Amino acid sequence: MSDRQKLIVNGGRRLEGELRVHGAKNSALPLLSAAVLAHGETVLHNCPALTDVDVACRILTHIGCKCRRSGDTVTVDATNVFGGEIPDNLMREMRSSIVFLGAMLGRTGRCKLTFPGGCELGARPIDLHLSALRQMGAEIIEQHGYLDCNVGKGLHGAKIVLSFPSVGATENILLAAVTAKGETEIHNAAREPEIVDLADFLSKCGAKIRGAGESVIAIDGVERLEPCEHSVIPDRIAAGTYLCAAAMTRGEMILTHCCPEHMTGFLQVLEAMGMRIYTYGGGKMYLSGKKSYKAPPTVRTMPYPGFPTDIQAPFTALCTTAEGTSVFVETIFENRFRHVSELVRLGASIKTEGRVCVVQGVKQLSGAKVCAAELRGGAALVVASLAAEGTSEISGLQYIDRGYECLEGALRSIGADIKRV
Ligand code: UD1
């Protein structure tokens, strides 16, 4: 059980070598829910082995699909899908469980579920999801913590204007719209690469979608979707975390199976700190090491293509030993500095005030016992401990395992002294 395990890190080893980036968690999860819409067997390659992906497979099995994994390929047979209930224990395990709603309504017309769980980053409401689905004809009764959703005569297209480009809401609308009657337009849609991946998958299954990756997406509903074979895009947040880890130890690394074009905003900030990054065709990138880095210009987390909120925590860890003062403004989530108090235990000098965090670079961190409180904050503790003098002990691994495929194994393969006990 990863909630009783710990990572033991002896810091100070310079990382050097080559790492393969696994498939994107944030793509795999909506793709697995999209498989519900395809009448037959969907094959997903490059599907990361993560606990959140396991939860998605358990939800699929619960609603009647047959799931099996072989290496990094997951096969979902959605020949039989029951309209029904997603149990509360599975809903609570991750935020993404909510994207099953759009797919279930599209396939069976009915779904009963509870409010989703996931990492505690603030309130994380689902009002945008529900209001859009209601505009498309879903009747949703919210009672006793349950959402009882029915489409009555079926879903129909609608013009939906999102007040914020929510990733999850855009995905849910896409999933509901592909087999709804008529045309749906999503205005102020999220533009993340994971949205494009979902639209690519749905299009291969026969959906008619224009504009994915732009802020207006138009979907022409079709009668039904057929299954397809698809490869999940690389995980840009895992790739970014690996880069932070190597840079933290003043090391150098080659990343393979990544997509540098999805990481432009982040890579520019690394370059502004003095790092050299070389990108090659075929999903390869090289980070060359330096002895010291200067603090970056003020970082504001923004929807894609801005600086990703998910890389803020690992990147904050990197800035703890940069020369000068770094300022972070978190604009997406209200409570995304939970790693800060733990980084301070490791010797960092950081102050937070509301959504702003100010990091004063120090010369050296020192090993300590720290605890992850959520996924990316946990990764930040691993990044920091790699350069901390002495031994660090990191608990709360159940969060880290949600989004990184054996993080310690990857880091060990490039020279880190890290083990799970
Ligand atoms: C997804 C990602 C997550 C990432 C986030 C922002 C997945 C599985 N997760 O989460 O890793 O950090 O995008 O890039 O893909 N909001 C509302 N009402 C809603 C929906 C969202 O107010 O109905 C608010 C949220 O509280 C938050 C902001 O919108 O403040 C962004 O949320 P959203 O883009 O929906 O993030 P997720 O899809 O949950």
Side-chain angles (χ1 to χ4, degrees), residues 23-34 47-48 50-53 55-56 59 91 93-103 115-135 140 142 147 160-176 186 188-198 215 232-233 235-238 240-241 262-263 265-266 300-315 329-339 354-355 374-380 399-400 402-404:
K25 166 179 93 73
N26 288 353
S27 234
L29 299 175
L31 291 174
L32 286 167
S33 78
C47 203
L50 305 170
T51 52
D52 272 10
V53 170
V55 174
I59 293 178
M91 285 303 294
E93 286 206 35
M94 63 172 182
R95 167 85 182 169
S96 268
S97 49
I98 193 65
V99 290
F100 279 89
L101 178 55
F115 285 84
C119 282
E120 281 301 327
L121 311 173
R124 301 192 83 173
I126 51 168
D127 54 319
L128 301 176
H129 302 236
L130 301 186
S131 129
L133 293 171
R134 283 185 171 119
Q135 287 174 66
I140 303 174
E142 299 174 57
L147 297 163
I160 291 157
V161 182
L162 291 174
S163 56
F164 182 87
S166 154
V167 175
T170 303
E171 290 166 349
N172 243 334
I173 301 165
L174 260 174
L175 290 165
I186 315 174
N188 199 22
R191 297 159 62 195
E192 270 68 2
E194 292 76 19
I195 301 287
V196 178
D197 201 26
L198 176 62
S215 35
V232 179
I233 56 168
D235 196 311
R236 61 198 168 98
I237 307 302
T241 305
H262 293 167
M263 301 170 65
F266 174 60
R300 263 185 197 79
T301 62
M302 294 294 255
Y304 189 83
F307 191 98
T309 172
D310 284 353
I311 202 70
Q312 178 259 109
F315 184 62
V329 185
E330 173 57 54
T331 76
I332 310 288
F333 292 106
E334 65 213 30
N335 188 10
R336 213 162 193 184
F337 291 135
R338 298 177 70 198
H339 49 288
R355 291 190 179 216
E374 45 90 16
L375 164 58
R376 305 301 170 187
Y399 298 110
I400 297 175
R402 299 177 66 158
Y404 296 92

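Note that ligands are numbered from 1 as they come in the structure, with each ligand's atoms numbered from 1 the same way. Note that the coordinates shown come from a computational prediction; the quantities given were computed from them, not determined experimentally. Numbers for residues simply follow the sequence, beginning at 1.
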Heavy-atom distances under 4.0 Å decide this one: backbone, side chain, both or neither, for [X] against ligand 1?
X      : result
Glu334 : neither
Ser96  : side chain
Arg336 : side chain

statement: Closest heavy-atom pair, Leu198 versus Leu31, reported as atoms and distance to 0.1 Å, is CA-CD2, 3.9 Å

Whether [X] side chain and [Y] backbone form a donor-acceptor pair below 3.5 Å:
X      : Y      : result
Asn172 : Ile98  : yes
Thr309 : Ile332 : no
Arg402 : Glu93  : yes
Arg300 : Thr331 : no
Asp197 : Ile233 : yes
Gln312 : Pro314 : no

What atoms of ligand 1 come closer than 4.0 angstrom to any heavy atom of [X]?
X      : value
Val167 : 1 (C), 13 (O), 33 (P), 34 (O), 35 (O), 38 (O)
Gly168 : 35 (O), 38 (O)
Thr309 : 6 (C), 12 (O), 14 (O)
Arg95  : 20 (C), 39 (O)

- prompt: With side chains defined as the heavy atoms from C-beta onward, is the minimum distance between Glu194 and Pro30 less than 4.5 Å?
  reply: no

field: Side-chain ion pair, Arg134 and Glu142, N-O less than 4.0 Å
entry: yes

Identity of the nearest option to atom 18 (N) of ligand 1, non-hydrogen atoms only, from Asp127, Ile332, Ile237, Asn335: Asp127

task: Using heavy-atom distances, let me know which of Ala169, Pro125, Ser97, Ala28 sits nearest atom 20 (C) of ligand 1.
output: Pro125

Could you tell me whether some N/O pair between [X] and ligand 1 is separated by less than 3.5 angstrom?
X      : value
Leu29  : no
Asp310 : yes
Phe164 : no
Glu171 : no

message: Please confirm whether His129 approaches ligand 1 to less than 4.0 Å, judged on its heavy atoms.
response: yes

